[in-house]
Amino acid sequence: MLEITQIRNNTDQVITGLQKRGIKDALNVIEQVLEVDDKRKEVQGKHDRTLAASNQLAKQIGQLMKEGKKDEAEIIKKKTAVLKAESKALGETLGNLEDEQKQLLYAIPNIPNKDVPEGKGANDNVVIHEYGDTPQLYVDAKPHWDLIKEYDIIDFDLGNKVTGAGFPFYKGKGARLQRAMVNFFLDEAQKAGYNEVQPPIMINEKSGYGTGQLPDKEGQMYHATNDDLYLIPTAEVPITNMYRDVILDEKELPKKHVGFTPCFRREAGSWGAHVRGLNRLHQFDKVEIVQVHHPEDSYSALKDMCEHVQGLLEKLELQYRVLNLCGGDMGFTSAQTYDMEVYSAAQEKWLEVSSVSNFETYQANRLKLRYRGDDKKTQLLHTLNGSALALPRVLAAILENNQTAEGIKIPEVLVPYTGFEWIN
RNA sequence: AGAGGAGUGGCAGAGUGGUCGAAUGCGGCAGUCUUGAAAACUGUUGUACCGCGAGGUACCGGGGGUUCGAAUCCCUCCUCCUCUGCCA
């Protein structure tokens with residue numbers, strides 16, 4: 001969430017930022033938060049002064065009791081009753097105002113960075129880079145949902161029986177190709193200096209709040225209500241939450257982590273004809289990179305992360321493009337996001353395979369993730385993350401783009417990992 | 001899962017109702033001494049919020065309660081340790 005001081009000190013900037021996201025009543029929203037904050041401060045002042053008076057009297061009573069002056073102590077005791085009632089009432093008001101303020105802040109998205117283009121939706125995203133040529137497919141080329149049946153490498157029906165829609169089985173060479181990609185992605189990240197972690201794939205409520213999945217996107221996560229745990233929608237959640245309530249020394253920065261996990265998404269209400277096959281699943285595998293940075297160099301880190309992802313796509317010999325997402329299409333918590341899309345020749349469309357974002361202090365403020373600089377003061381850090389990469393759509397593109405009459409050719413870079421060159 | 005024990009500052013560890021945000025030691029930082037370093041000595045060393053400031057408030061695993069007053073007493077939840085059971 002945004003910092004209240006940021007809203008107070010740069011009010012106009014915050015409002016124009018929110019307008020860039022298409023929030024029409026930004027002015028009202030901000031005025032409301034500031035109003036609540038003013039009230040909060042006022043009430044806290046009163047509350048603190050009341051408590052101070054109570055504490056003062058309590059000390060006096062202690063002193064008198066020690067001296068054996070019980071009668072005098074009794075007189076003061078009576079005085080404290082009034083203060084106690086007062087501070088209790090003020091305490092409740094304060095608590096309510098704090099809650100109200102928090103709720104308002106939770107509802108305000110991050111401010112887009114200055115380089116984020118104006119725009120309302122996906123059509124306004126700006127293509128900033130393109131790579132590779134559109135593959136020339138052979139005459140009988142098929143979309144991946146046909147190929148996986150033909151070669152029996154992914155089985156949706158079986159997943160359907162055992163679990164439900166969107167939970168496929170990967171079989172034989174399909175399963176091995178998945179494992180190969182995971183290992184390849186992890187090794188590449190390792191080479192790029194990312195420290196590997198294997199996080200839990202269930203998280204508690206606090207972690208959900210830390211990275212911004214809660215309170216907003218409750219319905220998008222699978223919730224194990226008996227234990228009040230959520231299945232992760234992305235490894236971003238557990239990995240970033242490693243740094244919840246942490247104060248890092250400036251010298252320890254940056255922190256770079258990579259983790260492989262399955263990801264679970266309910267995708268409530270987002271199914272349709274355009275999301276066939278591997279294009280959208282309830283469970284999928286993803287290798288995620290996460291960085292924690294000093295505010296000064298978070299944007300160069302964002303660039304590095306994009307280049308890392310692009311490198312992966314180039315090694316896999318996939319045609320791709322990079323989009324600078326516009327204000328209206330960016331995620332709630334992001335300050336700037338680049339999407340990487342690969343071209344699926346058989347579906348004749350671009351598939352998003354990675355989303356790389358800088359959250360600036362938005363997550364850090366929720367996480368209470370700070371660093372201590374030379375001046376000994378604590379300041380919020382910047383968090384970033386990106387997919388490197390999400391498997392299903394990369395797999396779909398490989399299957400579709402590399403199909404030939406003889407079978408599907410495995411990208412060279414993966415062969416040492418798969419142990420086979422062809423799916424046929 | 002059952003029985004017992006425990007959760008205090010960066011770490012170790014004292015504190016069982018009153019001036020305790022918390023002794024002491026270690027570590028960190030600054031300084032004295034030294035050619036330099038070490039040792040020794042001196043000082044300093046949690047976070048957040050309110051306040052122009054002086055200063056104030058809150059926090060001793062989380063939440064609630066008793067009391068004029070809670071790290072200390074009570075309730076509840078969480079976590080860790082030991083033993084028993086179960087299990088990849």
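Naming: A, B, ... by sequence-line order, numbering from 1 per chain.
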| field | Donor-acceptor contact present, side-chain A:K20 to main-chain A:V116, <3.5 Å | value | yes
| Parallel, tilted or perpendicular: ring planes of A:Y417 versus A:F184, cut at 30 and 60 degrees | perpendicular
Any side-chain donor-acceptor pair under 3.5 Å between [X] and [Y]?
X      : Y      : result
A:H144 : A:E400 : yes
A:Q213 : A:Q220 : no
A:Q363 : A:T383 : yes
A:N279 : A:R276 : no

Suppose we screen for side-chain contact (heavy atoms from CB on, under 4.5 Å). Which residues come up paired with [X], at least two apart in sequence or across chains?
X      : result
A:V29  : A:D25, A:I108
A:E352 : A:D339, A:E341, A:S355, A:R393
A:R49  : A:K46
A:E296 : A:H294

| query | Between B:G2 and B:C86, how far is it from one P atom to the other, in whole Å? | reply |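 Here B:G2 and B:C86 have their P atoms 15 Å from each other.
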| query | For atom C1', what is the distance between B:G28 and B:G46, given to the nearest Å? | reply | 13 Å
| task | Kindly write out the residues that satisfy ring-ring contact (aromatic ring centres under 6.0 Å, His included) with A:Y209, not counting sequence neighbours, or none if the list is empty. | result | A:Y106
| said: Centroid separation under 6.0 Å, is that true for the rings of A:Y194 and A:H308? | reply: yes
| field | Each stem that RNA chain B is part of, given as range with range (3 or more consecutive Watson-Crick or G-U pairs, under 3.5 Å) | value | B:1-7 with B:78-84, B:10-12 with B:24-26, B:27-32 with B:40-45, B:46-50 with B:55-59, B:61-65 with B:73-77
Do any N or O atoms of the protein come closer than 3.5 Å to N or O atoms of nucleotides 17-22 of chain B, and which pairs are they?
residue: B:G18; atom: N2; partner: A:A58; partner atom: O; Å: 2.8
residue: B:U19; atom: N3; partner: A:Q63; partner atom: OE1; Å: 3.2
residue: B:U19; atom: O4; partner: A:Q63; partner atom: OE1; Å: 2.3

I'd like a list of close polar pairs between nucleotides 72-79 of chain B and the protein, N/O only, cut-off under 3.5 Å.
none

| Looking at side-chain heavy atoms only, is the closest gap between A:I408 and A:Y151 below 4.5 Å? | yes
| said: Across nucleotides 46-63 of chain B, 5' to 3', mark each nucleotide with B, S or - according to how protein heavy atoms within less than 4.0 Å reach it. | reply: -SSBSS----BSS-----
| query | What is the distance, rounded to the nearest whole Å, between atom NZ of A:K377 and atom P of B:U45? | reply |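 Answer to the nearest Å: 17 Å.
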Using residues 95-102 of chain A as the side-chain source, report each donor-acceptor pair under 3.5 Å to any protein atom, sequence neighbours left out, with the distance given to one decimal.
residue: A:N96; atom: ND2; partner: A:E92; partner atom: O; Å: 3.4
residue: A:Q101; atom: NE2; partner: A:D37; partner atom: OD1; Å: 3.3

Using atom types as modelled, flag every donor-acceptor pair under 3.5 Å from a side chain in residues 221-231 of chain A to any protein atom, sequence neighbours excluded.
residue: A:Y222; atom: OH; partner: A:H282; partner atom: ND1; Å: 3.2
residue: A:H223; atom: NE2; partner: A:D228; partner atom: OD1; Å: 2.7

| query | In residues 71-85 of chain A, which ones come under 4.0 Å of RNA chain B, going by heavy atoms? | reply |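 Of all residues in residues 71-85 of chain A, the ones placing a heavy atom under 4.0 Å from RNA chain B are A:K77, A:T80, A:K84.
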